[in-house]
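Have a look at the structure below before the remarks.
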Amino acid sequence: SLAAGALLLCALGAAVATPQLLGTRVSRALDTLGRADPRFLWIGAIAFAVSLVGSAGCWRAAIGLCGGKTSLGDATARYGAGSLANTFIPMRAGDAVRFALFSRLVPGEHPVWSTGGAFVAVAATRAAVLGVLVAAGAALGVVPWWPLLGAAALVAIAAVLARRARRHLGPRDIAVLAG
């Protein structure tokens, strides 16, 4: 994996050093980037790193509630591996990578179910925060209201499905899902 990482880094360096090989759009983008204020680029890079560590910390807390233990550095590496997979593999396959990596930390008889519950909790929390941001933007007139209506419909569908699943699962199944 170290050799693959080094090879990828070399390919990225070659692409940046010779942008004309990748086409005019990449060359124009790099020219625009060269004219950007470096302070804003550093602020953006730091904000990106903080969001990555924050998301990993969220996963660490969720896995901790399932009985798993990990450090913030380990959780960041696992989360980062999923982010890297999302870069190269379509359809957010990095989430599956994260799921697999974090499920290895959960002890017990059903670590995949517990990790699935953690994944749902993290996704629900993220959706709630994004919903508040979209609502604030809609209230200020920056974004339209229709995304909120779509999100509300998805939440209603999820609630109905969860209720139906609860009726069809036995108490033992629900205990397993709860972690």
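Note that this is a predicted model, so its numbers are computed, not measured.
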- Note on the structure: dist Thr125:OG1 -> Leu130:CG (nearest 0.5 Å) comes out at 11.0 Å
- Measure across Ser103 and Ala100 and return the closest heavy-atom pair with its distance rounded to 0.1 Å. OG-O, 2.9 Å
- Message: Does any part of the side chain of Leu101, heavy atoms only, come nearer than 4.5 Å to the side chain of Tyr79, both counted from C-beta?
- Response: no
- Query: Hey, does Pro107 have a side-chain heavy atom less than 4.5 Å from the side chain of Lys69?
  - Reply: no
- Shortest non-hydrogen contact from Leu41 toward Ala36: CD1-CB, 4.0 Å
- Should Val143 and Trp145 be regarded as members of a common hydrophobic cluster, given that ILVMFWY residues are connected when their side-chain heavy atoms come within less than 4.5 Å of each other, either directly or indirectly? yes
Output side-chain donor-acceptor pairs under 3.5 Å for residues 47-54, partner residues at least two apart or in another chain, one line each.
unit_1	atom_1	unit_2	atom_2	d
Ser51	OG	Phe48	O	2.8

- Message: Tell me whether Val134 shares a hydrophobic cluster with Val142, the cluster being built from Ile, Leu, Val, Met, Phe, Trp, Tyr side chains joined at under 4.5 Å.
- Response: yes
- Task: State, to 0.1 Å, how close Pro144 and Ala138 come at their nearest heavy-atom pair, and which atoms those are.
- Result: O-CB, 4.1 Å
- Task: Measure the shortest side-chain to side-chain distance between Arg60 and Arg78 over non-hydrogen atoms and say whether it is less than 4.5 angstrom.
- Result: no
- Query: Thr115 and Trp59: side chain to side chain contact (heavy atoms under 4.5 Å, CB included), yes or no, with the steps?
  - Reply: CA-CA 10 Å; Thr115 306; Trp59 266 94; 4.3 Å; yes
- Message: Measuring from atom CD1 of Ile63 to atom OG of Ser114, what distance do you get when rounded to the nearest 0.5 angstrom?
- Response: 8.5 Å
- Message: Between Asp31 and Arg28, does any NZ, NE, NH1 or NH2 come within less than 4.0 Å of an OD or OE carboxylate oxygen?
- Response: no
- Minimal heavy-atom distance between Ala93 and Asn86, with the atoms involved, is N-OD1, 3.4 Å
- How far apart are the C-alpha atoms of Thr70 and Arg104, what are their side-chain angles, what is the distance that settles it, and do they pass the side chain to side chain contact (heavy atoms under 4.5 Å, CB included) test? CA-CA 11 Å; Thr70 187; Arg104 294 179 179 185; over 6 Å; no
- Query: Is there a side-chain contact between Leu105 and Asp74, using heavy atoms and a 4.5 Å cut-off?
  - Reply: yes
- Nearest heavy atoms of Val106 and Pro111, plus distance in Å: O-CB, 3.3 Å
- Query: Any side-chain heavy-atom pair from Val97 and Leu84 closer than 4.5 angstrom?
  - Reply: no
- Message: Which heavy atom of Leu148 sits nearest to which heavy atom of Ala135, and what is that distance?
- Response: CD1-CA, 3.6 Å
- Message: In this structure, would Trp113 and Phe119 fall into the same cluster of hydrophobic residues linked by side-chain contacts under 4.5 Å?
- Response: no
